[in-house]
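A quick note: this is a predicted structure, and the numbers were derived from the prediction, not measured. Residue numbers begin at 1 in each chain, while the letters A, B, ... track the order of the sequences.
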2 protein chains.
Amino acid sequence: MNFTTQLIKKISEKKSILCIGIDMDPDRIEIKSSPTLEDLRKYTLKVIDATLDVAVAYKPNMAFFERWGSKGYQWLEEMLEYIGKDSILICDAKRGDIGNTARQYAISIFDHFGFDAVTVSPYMGSDSISPFIERPEKGVFVLCLTSNPGARELQLLRADGKPVYMNVIKMVKRLNANRNCGLVVGATQGDEIAEVRRESGNLPFLIPGIGAQGGDLEVAVKEGNRDGVAIINVSRSILYAGDQSEGAIRASARNFQEQMNDALFDLRRNL
Amino acid sequence: MNFTTQLIKKISEKKSILCIGIDMDPDRIEIKSSPTLEDLRKYTLKVIDATLDVAVAYKPNMAFFERWGSKGYQWLEEMLEYIGKDSILICDAKRGDIGNTARQYAISIFDHFGFDAVTVSPYMGSDSISPFIERPEKGVFVLCLTSNPGARELQLLRADGKPVYMNVIKMVKRLNANRNCGLVVGATQGDEIAEVRRESGNLPFLIPGIGAQGGDLEVAVKEGNRDGVAIINVSRSILYAGDQSEGAIRASARNFQEQMNDALFDLRRNL
């Protein structure tokens, strides 16, 4: 089954478009002044226990594991095992390299770690993305318009009469023969989500930037899910919610899930 | 001492602008049909022993370690220790993410692994690069014009009257207050190396694409080193040279070093 179909099926099974970003920052955990890797490991298991039936997907961010070197990757291996197969596992890696190297990253991410999907950067062009899209069941979200302020510097340059990110959409549509490609579109971009949706047909979206980064949840859900699916990522506002107890984390995740489902309901009623 | 000054000093000490890319591909080692991680580890020590006085820099490519997961990163940790401090260590990572995440990658690459420099992608803009440039002694090579065919798709789009990669040069010049930024410019781009040099002042270049990828060595050395320094990366043509013995690897590395030094001598005579 191709990735897009799997994603749609999982969304309807779990009644959720919430993706939880696992970016465990030792500076944000309030257990002690400098948490050890073991503290982070335990904290993360708590987050997973609290949210396994609420999230449709988890998106571990490689940087937060890599910062601990080989021990961090061991933690990632064990954590993915713990999450199991009932959620979509997205590797937030933003990789982008020549074909020969991209092939090694694909082996790492899909075979070694067993992720279902990956985020990649388009700067080096389609041959840097090709090794990731060969297997229809594995998904690839290509950076299109990102949620950070610097996004504007390159992505919004006007090239051949339209912004660079529009050229990325065209590239990704061309690469989507296996129906396993999607786009990363930042929630902080407001009106532009609608524009990306119009240009991209029904490519799935992965939308970060909700919560700590300040994107508008209702706009992201509605514009993203018009004529296609969009999953919405939340990291910090769930991971470090309230008193950082399992209850507080679960309540925050449930609250985001409900807000997203309300907006979806609203969208469908008006279609 | 800022990174650019360190690099120039090391080049004149070692009389070499050769950077050796460590991309250990199990499919290319002729020891047995499927080499183990232990085989690769031993083979790599042989490469280092054969070239330690010939290369000015080593550029391990993260993908080829990451494909083995935590065990691959353990190998990388040990290998960097083995190379020691007499060569510039460049992490070929091509990272590019929001500031919060880029900060974790900087901790990984500079603090945990102890690299001297890193390659990054410009697609997400200058705030995705900033966390890497805070320490003057640590270097950052930003992808500008890469050596693969797909480079043309985004990098050569004309934006505001000039190609996207020219906008990257402008961005990197602005970020270079600490004199620790450089550019990745593919050797396969021929004439464009000269154009990048004209636009970028004396930013250091890291030039991949020589050897297996077919770039012209003499052009790369001469155009790259006009008004600035350029180190030239070779991976496969050294790693898997001849009968893959220590002697064959050393001979190939020495041969590249000499060709590069001849071209440099020629350039300086004509300046």
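- Judged by distance alone, the side chain of B:Glu77 and the main-chain N or O of A:Gly69 form no donor-acceptor pair under 3.5 Å.
- Residue B:Asp97 touches chain A through both its backbone and its side chain, counting heavy-atom pairs closer than 4.5 Å.
- Minimum interatomic distance between A:Ala63 and B:Thr101 (heavy atoms only, all atoms of both residues): CB-CG2, 3.5 Å.
- At a 4.5 Å heavy-atom cutoff, the contact between A:Tyr165 and chain B is made by backbone and side-chain atoms alike.
- For the residue pair A:Cys144 and B:Tyr123, the shortest heavy atom distance occurs at O-OH, 2.7 Å.
- Between B:Tyr105 and A:Met62 there is a side-chain heavy-atom pair separated by less than 4.5 Å.
- Contact of B:Ser147 with chain A is made through the side chain alone, with heavy-atom distances under 4.5 Å.
- B:Met171 touches chain A through its side chain: at least one heavy atom from C-beta onward sits under 4.5 Å away, while N, CA, C and O do not.
- Residue B:Arg152 does not touch chain A at all, counting heavy-atom pairs closer than 4.5 Å.
- In terms of modelled atom types and a separation under 3.5 Å, the side chain of B:Asn148 and the main chain of A:Met124 share a donor-acceptor contact.
- The two residues A:His112 and B:Trp68 come nearest to each other via the heavy atoms CE1-O, 3.7 Å.
- Side-chain atoms of B:Ser108 come within 3.5 Å of backbone atoms of A:Glu66 as a donor-acceptor pair (strictly under, hydrogens ignored).
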